[in-house]
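Encoded as structure tokens, the structure appears first; notes follow it.
In what follows, every chain begins at residue 1, and chains take the letters A, B, ... in the order their sequences are listed.
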Protein chains: 2
Amino acid sequence: MKGQLFVICGPSGAGKTSIIKEVLKRIDNVVFSVSCTTRPKRPHEVDGEDYFFITEEEFLRRVEKGEFLEWARVHGHLYGTPRSFVETHIAEGKDVILDIDVQGALSVKKNYPNAVFVYIAPPSYSDLKERILARGTEREADILVRLENAKWELMFMDEFDYIVINDDLQRAIETVLAILTAERSKVSRNLDRIEQFKMEVKGWKRW
Amino acid sequence: MKGQLFVICGPSGAGKTSIIKEVLKRIDNVVFSVSCTTRPKRPHEVDGEDYFFITEEEFLRRVEKGEFLEWARVHGHLYGTPRSFVETHIAEGKDVILDIDVQGALSVKKNYPNAVFVYIAPPSYSDLKERILARGTEREADILVRLENAKWELMFMDEFDYIVINDDLQRAIETVLAILTAERSKVSRNLDRIEQFKMEVKGWKRW
């Protein structure tokens, strides 16, 4: 059975990163795709774990070679998903999680219509606004860009397959785990197994 | 939000009834649709809980009045799903589980294409055969009918949305729970909520 590509989106401040980190701990056979970015590394971030931090020149060289499954400029910086990591793991039967923005998700949807698109939403926009303001670590101009971006992203929810409203972190984590588990039971992902049953019933045993 | 109809199928002996009983205990807002049947009540069965046991005459009168959402003759007896129970609960926002045979499921699919179809499968046909023979409570003729029916039912797996292979009862229960949970997060089931977000973002607050 091939793996499945899960694209997880949602405005920054909705709790996406915390949810994904916990999900990865609690379920087997899922890997996280680390994106490349040209934005500067923040103090707590680890190169190769949170992102691969590369120069704009290097980024554009990789774009040219077709090495990104999707890429986009967000808040002035470039972000891209390395294609080979995703494709290798899916071929090996692993599920792959992408944490990307809505723009990137829509672009993945064009090339991988069978991917599963999950939107992590805040309980409301005003709640998200409070969360972003409460952080208090950013310059006002950055906050305004973030809010404007969140508004834009919230308008695209219905392009997704699932929406998980993060009004309770534990429940949101469990819902994302349920989505991964349910998707593995889709008939379309078990056609080999179903074929085996048919062969056995017809008397052409293959077990 | 309206409720969702879940049709759970699978050959007898695959463990469907045990799974459904446990699922109903562990998740809120789900009701079980009790079928009507003309087959004789078995000693451990409770009228109105396992089935509504009615006469063939009464059954056919209800067929005539359109009171069944689906009905079928299986192993010589009539089985039917009362329509009003299902429709009332779905309108009230409850999920409804139907435990019916493949023939009934295919007939529901025609009228309710948006229902969710789950197939509970044994690990293999030979495993199912062993389980049925091991019961040792039935006449040989009944066993042969049951095996023949199981073979027939196994050929229709790919008409379903999900397949849950019951090689481990606890895991099968958790998978069915995950399917119910995931389905509640489908964007198509949360359009009202998404509309609220859009109104708020556009400044027409409706919360």
- Task: Give me the contact list for residues 166-178 of chain A versus chain B, heavy atoms only, anything under 4.5 Å, ordered by residue number.
- Result: A/Thr175, A/Ala178
Salt bridge check, [Y] against [X]: does any charged N sit closer than 4.0 Å to a carboxylate O?
{"X": "A/Glu200", "Y": "B/Lys129", "answer": "no"}
{"X": "A/Glu87", "Y": "A/Arg83", "answer": "yes"}
{"X": "A/Lys25", "Y": "A/Glu22", "answer": "yes"}
{"X": "B/Arg42", "Y": "B/Asp50", "answer": "no"}

- Query: For residues B/Ser35 and B/Thr37, is any side-chain donor paired with an opposing acceptor at under 3.5 Å?
  - Reply: no
Report the option among [options] that has the most heavy-atom pairs separated by less than 4.5 Å from atoms of chain B.
{"options": "A/Leu180, A/Ile194, A/Ile179", "result": "A/Ile194"}
{"options": "A/Asp161, A/Asn190, A/Thr181", "result": "A/Asp161"}
{"options": "A/Lys186, A/Arg184, A/Glu159", "result": "A/Lys186"}

- Exercise: identify the closest heavy-atom pair between B/Arg131 and B/Gly13: NH1-O, 3.2 Å
- With B/Ile8 as partner, the option from B/Asp99, B/Val164, B/Ile120 fulfilling side-chain contact (heavy atoms from CB on, under 4.5 Å) is B/Ile120
- Message: Once rounded to the nearest 0.5 Å, what's the spacing between atom CZ of A/Arg193 and atom OG of B/Ser124?
- Response: 8.0 Å
- Spacing of CZ belonging to B/Phe68 relative to CD belonging to B/Glu70, to within rounding of 0.5 Å: 9.0 Å
- Are there residues of residues 148-157 of chain B that reach to under 4.5 Å of chain A by heavy atoms, and which ones? B/Lys151, B/Leu154, B/Met155, B/Met157
- Query: Is a donor on one side and an acceptor on the other found under 3.5 Å between the side chain of B/Arg62 and the backbone of B/Glu67?
  - Reply: no
- Query: Any donor and acceptor pair, going by atom type alone, linking the side chain of B/Thr38 with main-chain N or O of B/Leu78 inside 3.5 Å?
  - Reply: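 Here the side-chain-to-backbone pair exists.
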